[in-house]
Amino acid sequence: MKDEYRTVAHEGVHEIEINKSRFICALAPAATEEEAQSFIARVRREHPTARHHCFAYVLGADGAVQRASDDGEPGGTAGVPMLQMLVRREMRYVVAVVTRYFGGIKLGAGGLIRAYGGAVGEALDVLGTITRRRYRLGTVTIDHQRAGKLENELRATGRTVREVSYGDRVRIEIGLPDAELDAFRAWLADVTAGAAEFEPGGEAYGEI
């Protein structure tokens, strides 16, 4: 499993015009193929009169799932260059849909490839990307008296505090790199004088 991956910062749209044809690129994060297909269907509904809705998506931190569609454009001139742009930029968990309104001037195969790939590249530049890193999840349990100070210490030292819940004792869910587990245990014992308990959990990805 990869330690980190890049994805689009947020859902958004960017439009370019080439020889009177409009190329509207919609980008969104997508965790599953179902989410990707749902986004594609939503874009189709938003532009019912457009001639083409070409798409590409890459899922999995290692990019294991890759799909593309030319949606009626000449084979290999739309979905493939869109997918290639996502892969070249090392994007993961992302879906791109380029909606084309034909302007009456044919672009040719080379022109289409540049237009569709370029629309995705420009959209990534405009919307921005983020990097997510793999974390080990864990739960710190401590008494109410020390909880506030410990939470502040965790945040001040750059640890990811995911959730805080209150019961008989306070449970603070955190995320930290695997390599820091032993160092974190030692740090926790030092700052709480041994009063806190730590239980490691599963894994997740978080924004750097």
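Below, each value reflects all heavy atoms present in this structure, side chains not excepted, and no hydrogens, waters or symmetry copies. The first residue of the sequence shown is numbered 1, and numbering continues consecutively from there.
A salt bridge links E151 with R155; the closest basic N to acidic carboxylate O contact falls under 4.0 Å. Residues R136 and E203 are paired through a salt bridge, judged by an N-O separation under 4.0 Å between the basic side chain and the carboxylate.
There is no path of hydrophobic side-chain contacts, each under 4.5 Å, that joins V13 to V126. With hydrophobic clusters built from ILVMFWY side chains whose heavy atoms lie under 4.5 angstrom apart, I16 does not share a cluster with F55. Residues L127 and F39 are members of separate hydrophobic clusters, defined by side-chain heavy-atom contacts under 4.5 angstrom among Ile, Leu, Val, Met, Phe, Trp and Tyr. Cluster annotation: L27 and I24 are assigned to distinct hydrophobic clusters (Ile/Leu/Val/Met/Phe/Trp/Tyr, side-chain heavy-atom contacts under 4.5 Å, transitive).
A donor-acceptor pair under 3.5 Å is formed between the side chain of R6 and the backbone N or O of R89. Although no hydrogens or angles enter the test, the distance criterion places no donor-acceptor pair under 3.5 Å between the side chain of H10 and the main chain of T129. The closest donor-acceptor contact from the side chain of D70 to the backbone of A78 lies under 3.5 Å. Checked by atom type and distance alone, the side chain of H14 never pairs as donor or acceptor with a backbone atom of C25 at under 3.5 Å. Looking at T7, its side chain never comes within 3.5 Å of a backbone N or O of P29 through a donor-acceptor pair. Remark: the backbone N or O of R146 is paired with a side-chain donor or acceptor of D143 at under 3.5 angstrom.
Judged by a 6.0 Å distance limit and a 45° cone about the ring axis, R22 is positioned over the six-membered ring of Y101.
Classified by interplanar angle (parallel below 30°, tilted 30° to 60°, perpendicular above 60°), the ring pair H47/H53 is tilted.
Two residues are said to be in side-chain contact when any heavy atoms from C-beta on lie closer than 4.5 Å; T141 and E199 fail this criterion. At least one side-chain heavy atom of L188 sits less than 4.5 Å from a side-chain heavy atom of L150. In this structure, L154 and W187 have side chains that are in contact, with non-hydrogen atoms separated by less than 4.5 Å. Between Y57 and L86, every side-chain heavy-atom pair lies at or beyond the 4.5 Å cut-off. The side-chain heavy atoms of V8 and M91, taken from C-beta on, include a pair separated by under 4.5 Å. You'll find the side chain of Y116 stays beyond 4.5 Å of the side chain of L107, heavy atoms only. Within the 4.5 Å cutoff, no side-chain heavy atoms of C54 are placed close to those of R100. Counting heavy atoms from C-beta on, the side chains of V98 and E73 never come closer than 4.5 Å.
The two residues G175 and Y135 come nearest to each other via the heavy atoms C-CD2, 3.4 Å.
Within a 6.0 Å sphere centred on CZ of R67, heavy atoms belonging to other residues, nucleotides or ligands number more than 12.
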